[in-house]
Amino acid sequence: MVPRVLSTATADALIDRLRAMHGPVMFHQSGGCCDGSAPMCYQAGEFKVGSRDVYLGDIHGARFFIGAAQFEYWEHTQLIIDAVPGRGAGFSLEGPEGLRFLTRSRVFTDAEAAALQAAGPPLRGDQV
């Protein structure tokens, strides 16, 4: 099964750095007001995942959730989490690190989309 979310080696290195400082981490991408649709990194359990949030999978050992409204826009794409130079999002752990997480994407092929459709909907936040 094709993963709905994956991460680059650069993002993995930043996750390792954050994990060394803060312990286990998690991600949420909301499309909210403050940082748009930037992927936000939190200490595991620090962000309350709701029943409408969608669990996309794990990146480098960290759970990754997306808000339901955002998932509706992006469900046909694979999210690729990268890290690039710049200031991180205001509430995200990487803020002071000189790097920020960034979401790239690619459209699923017809075969990948069919396989995901056949597998059924992804789990919701209260099912993980």
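The model shown is predicted, which means the values in this text are computed figures rather than measured ones.
The structure places NZ of Lys48 at 12.0 Å from NE2 of His28, a figure rounded to the nearest 0.5 Å. Taking CD of Gln29 as the reference point, atom CD of Gln70 lies at 6.0 Å (rounded to 0.5 Å). The distance from atom NE2 of His76 to atom CD of Glu112, rounded to the nearest 0.5 Å, is 13.0 Å. Here CG of Asp126 is found 9.5 Å from CG of Asp53. Values are rounded to the nearest 0.5 Å. Here the straight-line distance linking atom OG1 of Thr8 with atom CG of Leu102 works out to 9.5 Å at 0.5 Å rounding. Note that the CG atom of Asp82 and the CZ atom of Arg100 stand 10.0 Å from one another [nearest 0.5 Å].
Closest non-hydrogen pair, Phe65 versus Gly125, comes out as CE2-CA, 4.0 Å. In this structure, Arg19 and His60 approach most closely via the heavy-atom pair NH2-O, 2.7 Å. Closest of all the heavy-atom pairs between Met1 and Ala119 is CE-CB, 3.4 Å. Minimum heavy-atom separation, Cys41 to Ser92: N-OG, 2.7 Å. Across Asp58 and Tyr55, no two heavy atoms sit closer than the pair OD1-OH, 2.5 Å. The shortest heavy-atom contact between Ile81 and Ala11 is O-CB, 3.3 Å.
Applying the 6.0 Å contact sphere to CD of Glu46 captures more than 12 heavy atoms from other residues, nucleotides or ligands.
With sequence neighbours excluded, the residues that form a ring pair (Phe, Tyr, Trp, His ring centres under 6.0 Å) with Phe64 are Phe27.
No path of Ile, Leu, Val, Met, Phe, Trp and Tyr side chains, each step under 4.5 Å between heavy atoms, connects Val54 with Val2, placing them in separate hydrophobic clusters. No single ILVMFWY cluster, assembled from side-chain heavy atoms under 4.5 Å apart, contains both Phe101 and Val84. Connection of Val128 to Leu116 is not established within any shared hydrophobic cluster, with ILVMFWY side chains joined at heavy-atom distances below 4.5 Å, either directly or through further cluster members.
Screening Thr103, Leu79, Thr77, Ile80 against Val5 for a side chain to side chain contact (heavy atoms under 4.5 Å, CB included) leaves a single residue, Leu79.
Residues Glu94 and Leu99 have side chains not in contact (no heavy-atom distance under 4.5 Å, counting atoms from C-beta outward). In this structure, the side chains of Arg4 and Ile66 stay at 4.5 Å or more apart for every pair of heavy atoms.
Counting only distance, with no hydrogens or angles, the side chain of Gln43 and the backbone of Gly23 share no donor-acceptor pair below 3.5 Å.
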Check against side-chain contact (heavy atoms from CB on, under 4.5 Å), Val49 and Met26: CA-CA 10 Å; Val49 177; Met26 64 171 288; 3.6 Å; yes
